[in-house]
Amino acid sequence: MKQFKYIICVICAICGFTACDNDSIEDLSGEYSNITFCDFTNVNVQPTDKLGKGVKALNTTYSDNAGNNLTLRFGSKEWILGEGTYSLAPSVSKAGTYEGTVNGATISDGSMDVSMVGETYFVNGLVKTSDGKQYKVSYKGPMTFVIGEDDPESSGYTMSIQTNPVSVFDWSTFTSTDYPDVTKYTVTVADPSGKTVAAFDLINSNNLSAPGLAGTYQVESYAHEPFRLDAGYSIPDYGMAGGSCYMDDNGNMQYIVGGTLEITTVTGMDGNPLYSFKGTNMYSVDIAGAEHTGGSFNIMFVSFLEVKGTVVRDIVINSTALGREMKYSVYLPDGYDGQTTLPVLYMLHGMGDDQNSWLDKGNLATLTSAAITTEEVGKMVVVTPDAMQTFYCNGFQDGMAYEDYFFNELIPSVETTLNVGKDRSRRAVGGLSMGGYGTLYYAVQHRDMFCCAYAMSPACYIDGLPNLFDLYPAAPAGELPDLTMEVGTEDQTVYATCPWLAGTIQPLGLANFEYIERSGVHDWQFWKECYPKFMTKLGKYFK
């Protein structure tokens with residue numbers, strides 16, 4: 001009831017009604033039984049403070065005819081106050097937060113809602129102050145903010161770029177058309193914690209450097225002309241979504257199907273280029289298929305992560321076990337000279353992919369290079385083998401003995417060709433989906449081979465494959481490697497079985513087992529967010 005009446009109060013304030021007085025809340029009791037209502041009529045917008053990394057503090061003071069005073073300091077990425085709900089912070093240091101006082105007493109609890117109709121602001125909050133008082137504060141009227149210029153200082157956000165040919169598939173004729181005069185530049189933007197906040201499939205001329213991507217892009221489905229942003233998609237019936245997207249203010253990923261993206265670049269204070277991404281008039285769909293119009297975002301002063309190291313693709317092994325040529329690719333860290341023995345990580349791909357998928361779709365070289373540069377993990381070699389559709393086991397695909405190949409031919413070949421560690425403490429394995437199954441299977445079936453294993457969105461049960469639900473309880477818990485499973489709760493491909501397998505493993509008493517559930521689907525965006533966590537895990541072993 002209390003929340004309902006407060007909502008009515010806010011609606012009345014927004015609509016300009018005055019019916020929200022003491023009589024309308026006379027039946028309130030408990031913690032909200034003594035509320036002072038302050039309808040502020042005067043505002044003074046004070047100079048804005050630049051807090052750094054693109055964040056500003058917008059300072060405002062309010063007063064009414066009864067002598068009440070309100071000060072509010074809003075954290076914002078914009079030079080004007082934006083709409084939304086601002087959460088209370090002890091001291092404003094990031095966007096979406098606020099601090100303030102009422103009649104000189106510090107606000108200790110409550111959020112502040114800001115909305116606009118035309119040029120009129122509506123500021124409302126139900127707050128408590130440090131002196132034990134409670135206030136319903138509101139302001140309706142204009143506010144004018146001075147627009148300044150941000151210092152070109154890195155925001156802590158980072159971006160990476162992957163390139164792919166442009167090919168458009170026609171579903172009516174089931175044919176593809178290649179466009180050799182343009183390239184798809186997939187720009188992935190991550191916040192300071194490594195979480196993906198945007199991805200843009202930019203179509204532009206061939207062989208452009210990062211600064212050459214600056215400009216204005218129009219969103220277009222099946223884009224194949226320069227300065228187009230290839231649209232994203234959402235298929236809610238299958239829990240699938242992907243392509244160009246951005247995270248909205250509520251933390252939900254929006255898949256872009258219309259609008260304009262502007263990319264600008266500036267030289268940062270340290271002399272390195274910084275990139276800003278501004279989206280306007282965004283038309284988007286979320287993972288549930290709900291449509292959204294009028295969206296916007298402004299991601300400022302993003303640093304570009306360049307790959308440090310070397311990628312060698314398509315190394316060939318003539319496999320006796322499989323009776324055919326097999327390929328693997330490898331990432332070598334910056335400075336690799338073959339003289340120093342380095343640890344090695346085997347990253348396993350999913351169904352339908354190959355030895356280059358982690359490099360081309362998973363941004364593996366950039367993410368590994370970044371983790372080594374920041375000393376999250378020591379220098380290491382990463383091997384990405386091709387497994388076709390074998391599920392990394394013997395006998396599943398056309399009777400081929402892939403497991404024999406992996407341990408009797410691939411690993412020995414890698415250890416002969418490259419100067420990598422040849423014992424358990426210097427090897428790790430990870431993978432996604434089908435490769436997640438392979439990771440879990442190798443971790444229990446070959447537990448003497450790997451110190452650490454990370455299964456991303458793993459296929460936990462496949463009819464005809466060795467049963468992980470039987471293998472793990474039968475294995476000596478003390479012999480198993482450091483093991484992590486991570487899965488998205490909206491992943492309709494594998495989620496149904498993951499909690500069951502985790503529930504089977506957790507009671508076994510493993511010293512190092514972690515099961516992670518978070519929002520996400522069965523896609524590369526999710527797996528690219530898993531990979532830095534794997535690097536952190538490996539930092540305990542590969543130093």
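Electrostatic pairing of E220 and R228 counts as a salt bridge here, judged by a charged N lying under 4.0 Å from a carboxylate O. Under the 4.0 Å criterion applied to side-chain N and carboxylate O atoms, K543 and E376 are not assigned as salt-bridge partners. A salt bridge links R447 with E479: the distance from a Lys NZ or Arg NE/NH1/NH2 to an Asp or Glu carboxylate oxygen falls below 4.0 Å. We find that D482 and K540 are joined by a salt bridge, their nearest charged nitrogen and carboxylate oxygen being less than 4.0 Å apart. Salt bridge R518/D491: absent, no basic N to carboxylate O contact under 4.0 Å.
Remark: the backbone N or O of S357 is not paired with any side-chain donor or acceptor of D353 at under 3.5 angstrom.
Here the side chains of L501 and M485 are in contact, with some heavy-atom distance below 4.5 Å. At least one side-chain heavy atom of Y472 sits less than 4.5 Å from a side-chain heavy atom of L440. A heavy-atom distance below 4.5 Å is found between the side chains of N394 and D404.
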Exercise for review: Begin with the C-alpha distance, continue with both residues' side-chain angles, and end with the deciding distance and a verdict on side-chain contact (heavy atoms from CB on, under 4.5 Å) for M380 and R426.
Suggested key: CA-CA 9 Å; M380 63 179 175; R426 308 295 280 170; over 6 Å; no
Exercise for review: List the steps and the verdict of side-chain contact (heavy atoms from CB on, under 4.5 Å) for F526 and L432.
Suggested key: CA-CA 10 Å; F526 185 86; L432 63 90; over 6 Å; no
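Remark: R324 fails to qualify as a cation-pi partner of Y405 under the 6.0 Å distance and 45° angle criteria applied to the six-membered ring.
Checked against the 6.0 Å centroid threshold, Y255 and Y233 do not count as a close aromatic pair. A ring-centre distance under 6.0 Å is not found for Y454 and Y515. Y346 has its ring centre less than 6.0 Å from the ring centre of F406. Within the 6.0 Å centre-distance limit, the rings of H446 and F407 are counted as a close aromatic pair. Y531 has its ring centre less than 6.0 Å from the ring centre of W358.
Relative ring orientation between Y392 and Y442 is described as perpendicular, the plane-to-plane angle rising above 60° on a 0-90° scale split at 30° and 60°.
With 3.5 Å as the limit, one finds no donor-acceptor pair spanning the side chains of T384 and Q355. There is no side-chain donor-acceptor pair under 3.5 Å between N356 and D354.
Exactly one of K537, Q506, K533 qualifies for a side chain to side chain donor-acceptor pair (under 3.5 Å) with E514. That residue is K537.
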